[in-house]
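None of these values were measured; they are calculated from a predicted model.
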Amino acid sequence: MARKGSSIRLSSSRISTLLLFMFATFASFYVAGRLWQESQTRVHLINELDRVTGQGKSAISVDDTLKIIACREQKKTLAALEMELSSARQEGFVSKSPKLADGTETKKRPLVVIGIMTSLGNKKKRDAVRQAWMGTGASLKKLESEKGVIARFVIGRSANKGDSMDKSIDTENSQTDDFIILDDVVEAPEEASKKVKLFFAYAADRWDAQFYAKAIDNIYVNIDALGTTLAAHLENPRAYIGCMKSGEVFSEPNHKWYEPEWWKFGDKKAYFRHAYGEMYVITHALARFVSINRDILHSYAHDDVSTGSWFVGLDVKHVDEGKFCCSAWSSEAICAGV
């Protein structure tokens with residue numbers, strides 16, 4: 001009987017060992033299969049990342065890879081939405097105002113504030129601008145509400161403050177309400193750069209617009225062309241747009257474009273890249289930069305050179321836009337002489 005009991009225990013032990021061996025074998029196959037599957041998944045994801053980014057093999061984890069791929073897909077979706085938004089804005093230049101819970105509309109963000117540089121004796125030019133494209137009264141308000149375009153004449157004060165010329169501007173403004181009067185600027189050619197600088201600063205402080213434009217009072221502005229052109233740069237936070245050049249610096253005092261600080265521009269006497277002419281545009285971020293640093297930004301003899309100098313050394317996109325070259329008029333041009 002003892003031998004029989006021992007035989008039974010030995011048989012049971014062999015069966016248990018066999019079952020354990022079979023279980024371990026199946027577990028090994030299962031683990032190996034899962035590891036192989038995960039390795040294949042890693043290879044697939046890394047290959048996919050390589051295809052999307054073009055950066056070669058990556059040593060990042062699967063989780064990080066998945067996050068990057070998800071971000072790329074979200075970026076594509078966002079880019080598509082931004083294109084749709086840009087296209088929609090081209091129709092009316094500004095998007096519809098969102099509504100609050102009570103049904104009232106929030107204030108629209110203006111597309112552009114246009115500062116039209118004018119002088120004390122230029123009322124006839126101002127009247128021509130009002131009649132040609134700017135409008136007055138209700139039509140000026142409609143330009144603001146429907147197109148998001150705010151247009152104002154920019155002027156300083158007479159060298160003899162409070163004289164008849166100053167009073168004449170105050171009277172005109174009381175009738176039209178379309179001036180920005182800069183009390184700290186004297187209306188003189190040598191203060192043109194300061195005038196433009198303080199306009200950008202004032203406009204950026206008063207209006208939260210997408211863009212700010214400097215213009216002069218003897219051009220016609222094509223509002224539709226302007227809106228369409230600026231809409232293409234809505235996603236460009238530091239754009240400086242205009243008819244660009246790098247012209248000669250004139251050191252002769254009797255020259256029309258004499259630059260008293262010509263020696264600052266090196267032996268070849270050539271200006272840095274800047275927008276010149278009758279009209280140019282900067283974005284909100286650049287206008288805020290001018291506003292914040294107005295007291296330390298240097299001014300040269302010419303306002304277009306001065307404006308260009310303020311952005312040297314900054315991460316600014318210079319956009320050479322031929323439509324701002326106002327000398328030749330066409331249906332697509334933004335400005336032309338009147």
Side-chain angles (χ1 to χ4, degrees), residues 113-130 134 150-207 212-219 242 249-265 271 274-282 286-311 338:
V113 179
I114 304 174
I116 308 162
M117 304 297 134
T118 189
S119 300
L120 294 170
N122 284 10
K123 187 176 187 305
K124 288 184 178 180
K125 289 185 176 181
R126 291 192 291 273
D127 287 340
V129 167
R130 292 180 180 115
M134 180 177 163
I150 297 171
R152 296 289 187 273
F153 291 107
V154 182
I155 198 166
R157 287 298 189 181
S158 169
N160 302 309
K161 286 190 176 182
D163 65 8
S164 60
M165 300 188 77
D166 274 353
K167 291 178 181 178
S168 177
I169 293 298
D170 290 335
T171 299
E172 185 180 346
N173 188 39
S174 68
Q175 297 169 350
T176 59
D177 192 24
D178 57 7
F179 278 87
I180 294 174
I181 300 176
L182 302 173
D183 291 325
D184 294 333
V185 174
V186 174
E187 271 303 317
E190 59 270 22
E191 295 225 346
S193 295
K194 180 181 178 181
K195 183 177 177 179
V196 171
K197 178 172 66 175
L198 292 186
F199 155 67
F200 282 136
Y202 175 90
D205 292 345
R206 180 171 178 180
W207 292 287
Y212 302 82
K214 172 260 179 180
I216 59 176
D217 63 4
N218 62 351
I219 62 168
V249 179
F250 295 97
S251 58
E252 300 79 14
N254 59 344
H255 196 281
K256 178 181 179 181
W257 305 114
Y258 171 60
E259 173 56 69
E261 296 181 90
W262 57 267
W263 52 273
K264 289 186 176 181
F265 296 93
Y271 286 120
H274 64 278
Y276 76 101
E278 294 85 352
M279 188 175 187
Y280 50 83
V281 178
I282 63 175
L286 297 184
R288 288 297 303 156
F289 172 81
V290 173
S291 175
I292 293 169
N293 297 284
R294 70 185 78 177
D295 293 333
I296 59 173
L297 291 177
H298 184 69
S299 294
Y300 291 97
H302 313 297
D303 70 88
D304 50 3
V305 173
S306 296
T307 302
S309 73
W310 302 332
F311 307 138
V338 295

Under 4.0 Å between a side-chain nitrogen and a carboxylate oxygen: does that hold for Asp205 and Arg288?
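Salt bridge flag = yes for Arg288 with Asp205.
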Is it true that Lys124 and Asp217 have a side-chain N and a carboxylate O under 4.0 angstrom from each other?
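Judged by the 4.0 Å cut-off on N to carboxylate O distance, Lys124 and Asp217 do not form a salt bridge.
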Tell me, do Val154 and Phe200 make a side-chain contact under 4.5 Å, heavy atoms counted?
no
Using side-chain heavy atoms (C-beta onward) and a distance below 4.5 Å, is Tyr280 in contact with Val196?
yes
Exam field: side chain [X] to backbone [Y], donor-acceptor pair closer than 3.5 Å:
{"X": "Lys194", "Y": "Asp184", "value": "yes"}
{"X": "Lys161", "Y": "Asp183", "value": "yes"}
{"X": "Glu191", "Y": "Val185", "value": "no"}
{"X": "Glu187", "Y": "Ser158", "value": "no"}
{"X": "Tyr212", "Y": "Phe199", "value": "no"}

Do we see a donor-acceptor contact under 3.5 Å between the side chains of Ser193 and Ser299?
no
Centroid separation Tyr300 to His302 less than 6.0 Å:
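Judged by ring-centre distance (under 6.0 Å), Tyr300 and His302 do not meet the cut-off.
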Under 6.0 Å between ring centres: does that hold for Phe250 and Tyr258?
no
Phe289 vs Leu297, test: side-chain contact (heavy atoms from CB on, under 4.5 Å). Steps then yes/no.
CA-CA 10 Å; Phe289 172 81; Leu297 291 177; 4.0 Å; yes
Spatial distance of atom CE (Met279) from atom CD1 (Ile114) [nearest 0.5 Å]
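The distance works out to 4.5 Å.
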Just verifying a value: how many Å separate Thr171 OG1 and Asp166 CG, rounded to the nearest 0.5 Å?
10.5 Å
Criterion salt bridge (charged side-chain N to carboxylate O under 4.0 Å, His left out) on Arg130 and Asp127, from CA distance to verdict
CA-CA 5 Å; Arg130 292 180 180 115; Asp127 287 340; 2.9 Å; yes
Arg126, Arg152, Met134 screened by side chain to side chain contact (heavy atoms under 4.5 Å, CB included) with Ile116, the one that passes
Met134
